[in-house]
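Reviewing the structure listed below.
Indexing begins at 1, ligand by ligand and atom by atom, following the structure's order. All values below were derived from every heavy atom in this structure, side-chain atoms included, with hydrogens, water molecules and symmetry-related copies excluded.
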Amino acid sequence: MNAHILDYAAVGIGPANMSLAALAHPVEGLRGAHLERRESFSWHPGLLLPEATLQVSLLKDLVTLVDPTSPFSFLSFLASEGRLYRFLAADFPAVLRAEFNQYLQWVAGRLPSLTFGADVHSVDFHDGAFHLRTGEREVTARHLVLGTGLTPSVPEPFRPLLGPTVFHSGEFLLRAPEVTGRRIVVVGGGQSGAEIVRHLAAGAAPESITWVSRRSSFLPMDDSPFANDLYTPDYVRRFHALPSDHKARLLERQKYTSDGIDLQVLQDIYRLSYRDEFIGNNPGRLRFLADCAVTAIEGDPDEWKLVVESSGPGPAPAVLAADIVILSTGYAYALPDFMAPLDARLRRDSGMLVVGDDFSVAWDGPAENRIYLQNGARHSWGVADPNLSLLAWRSAVILNSMLGETRYSV
Ligand SMILES: Cc1cc2nc3c(=O)[nH]c(=O)nc-3n(C[C@H](O)[C@H](O)[C@H](O)COP(=O)(O)OP(=O)(O)OC[C@H]3O[C@@H](n4cnc5c(N)ncnc54)[C@H](O)[C@@H]3O)c2cc1C
């Protein structure tokens with residue numbers, strides 16, 4: 001193999017590809033490059049609210065479930081920063097997301113294979129290797145690992161209006177809207193919407209906060225033991241082997257094991273609403289519209305008018321006036337634009353990428369050159385795919401496949 005051809009090039013440095021880099025680090029002779037467009041690591045910075053917590057155990061870090069002895073674990077981070085005893089004494093019910101972000105930044109600073117400020121804008125395959133181009137350099141590698149994360153979903157009616165007063169929840173802290181005296185509508189009844197509602201409701205500033213959800217109620221995440229069993233290697237392997245139509249049915253049924261709202265956040269919101277109504281003398285400041293869909297938006301940045309269709313029994317206004325509209329409407333996987341030259345060579349089933357046992361995408365290129373997919377295969381691997389739970393395990397599966405040996409027990 002040509003000396004300048006790396007073993008692999010990984011695009012995107014979120015937790016998924018950082019886990020791969022951390023587990024690859026001790027593997028002698030393995031040469032990989034990790035490329036990230038951001039100038040430095042930050043974990044969903046637009047939603048890094050100070051009170052937000054992880055929805056999973058701290059053991060579901062970048063490495064621990066595959067290699068508890070790794071120096072890149074969350075516990076190693078706490079120890080290295082001299083906080084182990086204080087962390088124990090603080091006894092947080094869940095790890096603060098801001099602290100997990102510090103951990104991820106700490107790991108990022110210790111892995112020489114990571115390059116920030118490298119936006120991959122094209123990739124091609126020839127002469128037995130993938131050729132990736134960023135603004136400044138070309139990287140050539142035998143395998144490609146896609147870890148570019150999910151893309152914010154914005155429903156059609158809002159798309160032409162995106163800007164300072166209508167935006168996706170992922171931009172909340174980056175937009176930092178002035179909320180004092182404003183009427184705010186949060187669209188979407190999942191975890192991001194809940195976190196933003198809690199954050200806004202805890203302050204006195206907004207005139208009103210209306211939370212609209214299509215769901216029949218503001219539904220909790222099922223975090224019970226049998227639901228958590230769906231987030232294990234054993235289960236996802238069995239899921240992966242099922243026919244696609246069966247998988248689609250299960251995904252719908254298992255939705256609330258990850259897409260529901262953390263119970264603590266729901267309790268906080270309910271108590272804030274109670275406080276407004278009975279103690280703070282501010283009844284009606286917080287409004288909850290379940291079973292409602294926003295079907296259209298009219299007006300201009302001086303005043304938006306949202307057309308609401310209700311399918312439930314509760315009273316709901318037909319039109320909602322708003323100064324700021326926050327779209328907590330989720331995320332979906334989209335193949336990154338730089339893959340356009342290879343797109344037609346990837347195999348699909350009913351429009352979805354075919355992803356194998358080792359997380360490689362079926363394609364018409366040589367079998368010794370693989371395209372691995374991190375966090376893009378929910379349709380194929382199940383509800384755990386976008387989650388932190390199996391991050392380390394999936395990276396270990398990919399590494400074993402690249403190495404052609406069982407370096408990590410999976
Ligand atoms: C606010 C929030 C909180 C979450 N909290 C939890 C939780 O508590 N527990 C849990 O299990 N899951 C959680 N998740 C889900 C999931 O764990 C995270 O989304 C996680 O960040 C996914 O990691 P990733 O590496 O796949 O993608 P991302 O973290 O999205 O990283 C992808 C990276 O790729 C980069 N990139 C994209 N295109 C290019 C390109 N062309 N060139 C170079 N770089 C590129 C992006 O800049 C980005 O940094 C959360 C999700 C969100 C949105």
Please check if atom CG in Asp124 has more than 12 non-hydrogen atoms from other residues, nucleotides or ligands closer than 6.0 Å. yes

Judging by distance only, is a nitrogen or oxygen of [X] under 3.5 angstrom from one on ligand 1?
X	value
Glu36	yes
Thr53	no
Trp43	yes
Ala16	yes
Pro15	yes
Leu388	yes
Asn17	no

Please confirm whether [X] approaches ligand 1 to less than 4.0 Å, judged on its heavy atoms.
X	result
Ala118	yes
Arg97	yes
Arg38	yes

Carboxylate-amine/guanidinium contact Arg37 Asp119, below 4.0 Å: yes

Under 4.0 Å between a Lys/Arg side-chain N and an Asp/Glu carboxylate O for Lys305 and Glu298? no

Of Ala384, Gly14, Gly376, Pro152, the residue with the heavy atom nearest atom 28 (P) of ligand 1 is Gly14

Nearest candidate to atom 42 (N) of ligand 1, where distance is taken over non-hydrogen atoms, out of Val120, Leu35, Ile13, Asp337: Val120

Residue portion contacting ligand 1 (non-hydrogen atoms closer than 4.0 Å) for His44: side chain

Are any side-chain N or O atoms of Thr64 and backbone N or O atoms of Asp61, one a donor and one an acceptor, separated by less than 3.5 Å? no

